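Contents: one structure, followed by commentary.
None of these values were measured; they are calculated from a predicted model. Per chain, numbering begins at 1; letters A, B, ... match sequence-line order.
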Amino acid sequence: MLAGAKLLELYNRLYSAYGPQHWWPAETAFEIMVGAVLTQNTAWSNVEKAIAGLRAADLLSPHGIATAPLTSLEGAIRPSGYYRQKARRLQGVVRAVYGSASDLQEYLAGPTPEVREKLLSLRGIGPETADSILLYAASAHPTFVVDAYTQRLVARYPLPVPQGPGDAYDRTKGYFEAQLEPDLELYRELHALIVRLGATHCRARPLCGTCPLRRGCAQKV
DNA sequence: ACCCAGGTGTTTC
DNA sequence: GAAACACATGGG
């Protein structure tokens, strides 16, 4: 079988069902980074409220977030949950980025593994947030994003992701990147489609009767 | 009144 | 190292 055939079939089935997803849902690279932090373990609808709160408080800018009093940040992003944690971490991330680079694109320039490590060293940026920022806020980092939906998918749908040992995130990410050419648009779209699938069908109460993957999906886990 | 959501960091066996 | 826990709001 051709390398990546199973994942390309997955992509085709999802794309046929849902079409292009236009991700990331944000206007600017900066907003993508902000949203990536705010959406951690949080429904996107709540992140939208938080982004709107930042905009309403005139804080949706590097300078605004870097210099705002924490209490103001907390109040603005409250709907996104974990608001005390996220306010501190978001401010720390923005200060780190714009303290060492003149803009986000400059901060994200360089070899993908090195920039990824740089992001991971920041408090509040773990593997998924780092990969989301790399993939969607920059244009030169075809790195695959693994989220809870992706992990759930590989547990139900027959994909030969290597078993342990090692970190589950890295194993899944490594599998996708080994099977697929490093294509920015493909990675962006496939991740977005997996989220669309998960948000529609793979929550606590699966709707497997209309799931585009019902043929071949284990329906368990 | 539950359960869950596009995780991360810390603490504990 | 895996596993358990804290972090918190809003919608089903």
Roughly how many Å is it from [atom1] in [X] to [atom2] in [N], rounded to a whole number?
X: A:D170; N: C:dG1; atom1: CG; atom2: P; value: 14 Å
X: A:Q85; N: C:dT9; atom1: CD; atom2: P; value: 12 Å
X: A:R171; N: C:dG1; atom1: CZ; atom2: P; value: 14 Å
X: A:Y83; N: C:dG10; atom1: OH; atom2: P; value: 10 Å
X: A:I133; N: B:dG7; atom1: CD1; atom2: P; value: 14 Å
X: A:L197; N: B:dA5; atom1: CG; atom2: C1'; value: 16 Å
X: A:L90; N: B:dG7; atom1: CG; atom2: P; value: 17 Å
X: A:D131; N: B:dG7; atom1: CG; atom2: P; value: 13 Å

Please pick, from [options], the nucleotide with the shortest atom-to-atom distance to any side-chain atom of [X].
X: A:P79; options: C:dT9, B:dG7, C:dA8; result: C:dT9
X: A:R89; options: C:dT9, B:dG9, B:dG7; result: B:dG9
X: A:R152; options: B:dG7, C:dG10, B:dA5; result: B:dA5

Contact class for [X] (heavy atom, under 4.0 Å): base, sugar-phosphate, or nothing?
X: A:K86; answer: nothing
X: A:G81; answer: base
X: A:S132; answer: nothing
X: A:P127; answer: sugar-phosphate
X: A:L122; answer: sugar-phosphate

- Message: Quick one about A:T42 and A:K86 (side-chain donor to acceptor, distance below 3.5 Å, no hydrogens or angles considered), yes or no?
- Response: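 Checked: A:K86/A:T42 side chains pair up, N/O donor to acceptor below 3.5 Å.
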
- Task: Could you identify which residues of residues 35-47 of chain A place a heavy atom less than 4.0 Å from some atom of DNA chain C, listed by residue number, or say none?
- Result: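 A:N41, A:N46 - these, ordered by number, are the residues of the stretch whose heavy atoms sit under 4.0 Å from the strand.
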
- Task: Return yes when atom CG of A:D58 has more than 12 non-hydrogen atoms of other residues, nucleotides or ligands closer than 6.0 Å, and no otherwise.
- Result: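 Atom CG in A:D58 is not crowded, with 12 or fewer foreign heavy atoms closer than 6.0 Å.
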
- Using a cut-off of 6.0 Å, state whether more than 12 heavy atoms not belonging to A:E181 lie near its atom CD.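 It does not: A:E181 CD has 12 such atoms or fewer within range.
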
When you check the phosphate oxygens OP1 and OP2 of [N], does a side-chain N or O of [X] lie under 4.0 Å from one of them?
X: A:R88; N: B:dG9; value: no
X: A:R78; N: C:dA8; value: no
X: A:K49; N: C:dA8; value: no

- Message: Assuming nearest nucleotide by heavy-atom distance, tell me which of A:H191 and A:I125 is located more 5' along DNA chain B.
- Response: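 Going by which nucleotide is closer to the 5' end, it is A:H191.
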
- Query: With rounding to whole Å, what would you report as the distance between C:dA8 and B:dT11 at their P atoms?
  - Reply: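 After rounding to an integer number of Å, I get 16 Å for this pair.
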
- Query: Backbone N or O of A:Q151 within a donor-acceptor pair of the A:T172 side chain at under 3.5 Å?
  - Reply: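 Not a single qualifying donor-acceptor pair exists.
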
- Query: Can you list every ring-ring contact (aromatic ring centres under 6.0 Å, His included) pair that touches residues 95-147 of chain A, not counting sequence neighbours?
  - Reply: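 Residue pairs passing ring-ring contact (aromatic ring centres under 6.0 Å, His included), neighbours aside: A:W23-A:Y136, A:W24-A:Y136, A:F144-A:F176, A:F144-A:Y187.
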
- Item | salt bridge (charged side-chain N to carboxylate O under 4.0 Å, His left out) partners of residues 19-47 of chain A, not counting sequence neighbours, each pair once |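 Qualifying pairs, neighbours excluded: A:E31-A:R55.
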
- Message: What I'd like to find out is whether the side chain of A:L190 reaches to under 4.5 Å of the side chain of A:L180, using heavy atoms alone.
- Response: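 With C-beta onward as the side chain, the pair touches.
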
- Any A:T143 side-chain heavy atom under 4.5 Å of A:K173 side chain: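 A side-chain contact exists here, since the closest heavy-atom pair is under 4.5 Å.
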
